[in-house]
Each structure stands twice: as structure tokens, then as C-alpha cells.
Amino acid sequence: MVSWDDVRELALALPEVEEGTSWGRASFAVRGKTFAGLSRHEGAMWARCDREERPLIVDSNPEVYRLTPHFEASPAHLLVWLEHADEDDVRERLIDAWLLKAPKRLAAQHAFD
């Protein structure tokens with residue numbers, strides 16, 4: 001199980017990430033572009049994702065990546081249920097979301113394992 005403090009630590013470890021709020025909840029942005037945050041759904045976070053990859057991600061672990069009707073209508077977003085996630089799940093989702101929103105030059109300067 002991953003806590004919100006763990007999510008925060010992982011997100012803030014990424015380059016040029018700032019913590020803020022989006023829709024009144026904690027969120028993370030790179031150069032002003034929000035890529036992840038605390039969901040209104042208790043025990044979940046949201047992250048940006050590639051629209052075409054989202055079905056594959058959800059199918060890979062439906063307990064971790066369950067969607068709600070609201071998020072089913074938002075194909076560029078993904079819910080991560082923290083009680084079922086491990087740190088690697090969250091780190092991967094945060095890195096992918098960061099790469100989608102970071103300026104191309106900034107993203108090109110960083111390699112993630």
C-alpha cells in the first residue's frame with residue numbers, strides 16, 4: 001500500500017515539479033502543467049496517461065487501475081487506487097504523466113529507468 005506522503009515524495013523527486021492544487025485538491029505540475037493529483041475518490045490518485053495505452057494499463061492490473069464513470073469519460077486520465085498499488089506502480093504512472101506534460105526539451109534531458 002502506498003500513502004499520499006509516498007506519492008508526494010515520488011512526484012517531487014521528478015525534475016521541476018511543483019506542488020499545488022487542482023479543483024481544491026493537492027496536485028503536481030511541471031512548468032505549470034498539471035500531471036497528477038489527489039482524487040476526489042477516497043484512497044485514489046489520478047494521473048495523466050496516453051489515451052491509447054490506458055486500456056492496456058487498466059487491463060494489466062484492474063485492482064490498481066479501476067475507473068469510475070467520470071474517468072471513463074476522460075480517456076487521458078487514469079485512477080490509481082493506492083491501497084492496491086505498490087511504489088513501482090505509482091512511480092511508473094507519475095513518470096509517464098510527467099513525460100506527457102513536460103516540455104519536450106526538458107523531457108529529453110532526463111532518462112528514467
Open item on the list: Check this for me: Glu9, atom CD, are more than 12 non-hydrogen atoms of other residues, nucleotides or ligands nearer than 6.0 Å?
Closed with: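 Counting neighbours around CD of Glu9, 12 or fewer heavy atoms of other residues, nucleotides or ligands fall under 6.0 Å, so no.
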Open item on the list: Surrounding CD of Gln109 (heavy atoms of other residues, nucleotides or ligands, distance under 6.0 Å), is the total greater than 12?
Closed with: yes
Quick check on the hydrophobic clustering: are [X] and [Y] connected, directly or via other members, by side-chain heavy-atom contacts under 4.5 Å?
X	Y	value
Met1	Trp81	no
Leu78	Trp4	yes
Leu14	Leu12	yes
Leu100	Leu10	no

Answer yes or no: is there a side-chain heavy-atom contact under 4.5 Å between [X] and [Y]?
X	Y	value
Asp88	Glu92	no
Arg93	Val80	yes
Leu79	Arg66	no
Asp6	Val90	no
Arg48	Asp96	no

Open item on the list: Taking the ring of Tyr65 and the ring of Trp46, is the distance between their centroids below 6.0 Å?
Closed with: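 Between Trp46 and Tyr65, the centre distance exceeds or equals 6.0 Å.
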Main-chain N/O of [Y] paired to [X] side chain as donor or acceptor, under 3.5 Å:
X	Y	answer
Arg31	Lys101	no
Ser60	Ile57	yes
Trp98	Pro15	yes

- [ ] Please determine if Arg8 and Asp5 form a salt bridge, counting it only when a charged side-chain N lies under 4.0 Å from a carboxylate O.
- [x] no
Task: Closest non-hydrogen atom pair, Pro75 against Cys49 - done: O-SG, 3.8 Å
Open item on the list: Angle between ring planes, His77 versus Phe71, binned at 30° and 60°: parallel, tilted or perpendicular?
Closed with: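 Because their plane-to-plane angle is over 60°, the rings of His77 and Phe71 count as perpendicular.
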